[in-house]
Amino acid sequence: MAFKRIALIGLGLIASSISHAVRRAGMETEVTGYARTEKSREEARRLGLGTIFDTPQEAVQGADLVVLCVPVGAMAAVMEAIAGDLEPGAIVTDVGSVKGAVMEAVSPYIPENVHFVPGHPLAGTEHSGPASGFASLFDNRWWLLTPDEGVDRQAVEKVKDFLTEIGANVDEMEVSHHDLVLAVTSHIPHLIAYTMVGVADDLGRVTQSEVVNYSAAGFRDFTRIAASDPTMWRDVFLSNKTATLDILGRFTEELFALQRAIRTGDGEHLFDYFTRTRAIRRGIVQAGQDTDAPDFGRGLTHQK
């Protein structure tokens, strides 16, 4: 068994899903946890997510794996608070979707006898809180690790083995490359979704909510994405500013090109562009990262 005791700091979607996945895998692993609010801690206890403590310091004592499941902006303060209570030889990882800022925030507080293996699960829903998790969240989803070159390789392999046991596909990626790739695949799509829903909200006021009442599938998917945790996404954009602005600039250029094609009646450009981008969608389905069902599989019932 790779880990005897796992401490989950922050008890939202990802942490609760880890707890469920550990139980599903039949691991003889004790799970402890901590959440900032008493309401979340009580809910986690009621759901049986593990032994839930009232302080993060208590939660990490005796743990050989500590998973930071808090917003990126809270990582430094949490790590500073628990540093003195970490077990010698323990491994610390995280689930933040930005890695450069997390490593900069957390690394100064990592004791010399503790290993830091940053991570990012490419899995999630628009829901949050202890009750939002389910055991299959990570199944066949990528979990990226971005360890420094000097980190103990045995620690990295132990994290990989654990993540594989809870269903994830695991890969390693260089930090800055990770933040650029995720700006394309996650951060900018969320920003666009928030923007489009905001535009529709303004229009909805004029049309007496017809935009909401007659939403087509595309707009419904925008609203699903835009329903994600606002604290988390605020921190993501402020922490991954360089890559986000770079990709946002490229997106704007593409949008202007499409605007010009529509204005000038350039149907050939539009058809070629849509054909090329359609192939990317098919590639995602073929890679097993989604389904070609009309609802993209989001109507499935997950087993907790």
Test item: side-chain donor near acceptor, Glu43 and Ser40, under 3.5 Å | no
Go through Arg24 and Asp139 one step at a time and tell me if the salt bridge (charged side-chain N to carboxylate O under 4.0 Å, His left out) criterion holds.
-> CA-CA 12 Å; Arg24 182 189 65 173; Asp139 288 356; 2.8 Å; yes
Val117 and Val151: side chain to side chain contact (heavy atoms under 4.5 Å, CB included), yes or no, with the steps?
-> CA-CA 8 Å; Val117 183; Val151 73; 4.3 Å; yes
What do the steps show when you test Thr32 against Glu30 for side chain to side chain donor-acceptor pair (under 3.5 Å), and what is the final call?
-> CA-CA 7 Å; Thr32 66; Glu30 180 186 4; over 6 Å; no
Report the distance from atom CZ of Phe237 to atom CD1 of Ile188, rounding to the nearest 0.5 Å.
-> 6.0 Å
Backbone N or O of Leu182 within a donor-acceptor pair of the Ser186 side chain at under 3.5 Å?
-> no
Between atom NE2 of His190 and atom OH of Tyr194, what is the distance when rounded to the nearest 0.5 Å?
-> 6.5 Å
Heavy-atom side-chain contact between Asp171 and Leu145 under 4.5 Å | no
Return the minimal non-hydrogen interatomic distance between Ser17 and Gly133, and the atom names on each side.
-> OG-CA, 3.2 Å
Only one of Val70, Val67, Leu13 clears side-chain contact (heavy atoms from CB on, under 4.5 Å) with Val95; which?
-> Val67
Starting from the C-alpha separation in whole Å, work towards a yes-or-no answer on side chain to side chain contact (heavy atoms under 4.5 Å, CB included) for Trp233 and His187.
-> CA-CA 8 Å; Trp233 283 103; His187 304 167; 3.6 Å; yes
Give me the ring orientation class for Phe138 and Trp143: parallel if the planes are under 30° apart, tilted from 30 to 60°, perpendicular past 60°.
-> tilted
Pair Leu137-Ile14, side chain to side chain contact (heavy atoms under 4.5 Å, CB included): steps then yes or no = CA-CA 8 Å; Leu137 178 65; Ile14 299 298; 3.9 Å; yes
Under a 4.5 Å cut-off applied to non-hydrogen side-chain atoms, are Val72 and Ser239 in contact?
-> yes
Does any non-hydrogen side-chain atom of Val170 lie less than 4.5 Å from one of Lys160?
-> yes
Salt bridge (charged side-chain N to carboxylate O under 4.0 Å, His left out) evaluation trace for Glu172 with Arg153 | CA-CA 12 Å; Glu172 293 184 45; Arg153 288 306 305 177; 2.6 Å; yes
Hey, quick one: are Met173 and Leu122 part of the same hydrophobic cluster, counting side-chain heavy atoms closer than 4.5 Å, chains of contacts allowed?
-> yes
Of the non-hydrogen atoms in Gly10 and Cys69, which two are nearest, and what is the gap between them?
-> O-CB, 3.6 Å
Answer yes if Val159 and Ile110 sit in the same cluster of Ile, Leu, Val, Met, Phe, Trp and Tyr residues linked by side chain heavy atoms under 4.5 Å apart, and no otherwise.
-> no
Side-chain touch Asp54/Glu38, heavy atoms, less than 4.5 angstrom | yes
Contact check, side chains of Glu268 and Asp272, non-hydrogen atoms, under 4.5 Å | yes
If you group Ile, Leu, Val, Met, Phe, Trp and Tyr by side-chain heavy-atom gaps below 4.5 Å, do Leu8 and Met27 land in one group?
-> yes
Indicate the atoms forming the closest heavy-atom contact of Leu144 with His178, along with that distance.
-> CD1-CD2, 3.7 Å
Looking only at heavy atoms, the pair that brings Tyr34 and Ala59 closest together is CB-CB, 4.0 Å
So, are Glu254 and Arg260 salt-bridged, with charged N and O less than 4.0 Å apart?
-> no
Check whether any side-chain heavy atom of Gln61 lies under 4.5 Å from a side-chain heavy atom of Ile82, and answer yes or no.
-> no
Can you measure from CG (Asp179) to CD (Glu174) and round to the nearest 0.5 angstrom?
-> 8.5 Å
Exam field: side chain Lys99 to backbone Gly119, donor-acceptor pair closer than 3.5 Å = yes
Checking Thr29 side chain against Arg5 main chain: does a donor-acceptor pair fall under 3.5 Å?
-> no
d(Asp94 CG, Ile9 CD1) to nearest 0.5 Å is 12.5 Å
Do side-chain atoms of Asp152 reach the backbone of Gln154 as a donor and acceptor pair under 3.5 angstrom?
-> yes
Taking all heavy atoms of Arg41 and all of Phe53, pick out the closest pair and write down the distance.
-> CD-O, 3.1 Å
State, to 0.1 Å, how close Asp235 and Pro71 come at their nearest heavy-atom pair, and which atoms those are.
-> OD2-CB, 3.3 Å
For the residue pair Leu86 and Val92, establish whether any side-chain heavy-atom pair is separated by less than 4.5 Å.
-> yes
Answer yes or no: is there a side-chain heavy-atom contact under 4.5 Å between Asp64 and Ile91?
-> no
Joint hydrophobic cluster, Leu180 plus Val175, side-chain heavy atoms closer than 4.5 Å | no
When rounded to the nearest 0.5 Å, the distance separating CG of Leu47 from OG of Ser19 is 9.0 Å
Following the transitive rule for hydrophobic clusters with a side-chain heavy-atom cut-off under 4.5 Å over Ile, Leu, Val, Met, Phe, Trp and Tyr, establish whether Val184 and Leu248 coincide in one cluster.
-> yes
Separation of Thr164 OG1 from Glu157 CD (nearest 0.5 Å) | 9.5 Å
Could you please spell out the steps behind the side chain to side chain contact (heavy atoms under 4.5 Å, CB included) verdict for Asp148 and Met103?
-> CA-CA 9 Å; Asp148 273 338; Met103 294 180 74; 3.2 Å; yes
Should Glu42 and Arg45 be marked as a salt bridge (charged side-chain N to carboxylate O under 4.0 Å, His left out) after you check the CA-CA gap, both sets of side-chain angles, and the distance that decides it?
-> CA-CA 5 Å; Glu42 285 301 319; Arg45 292 184 182 111; 2.8 Å; yes
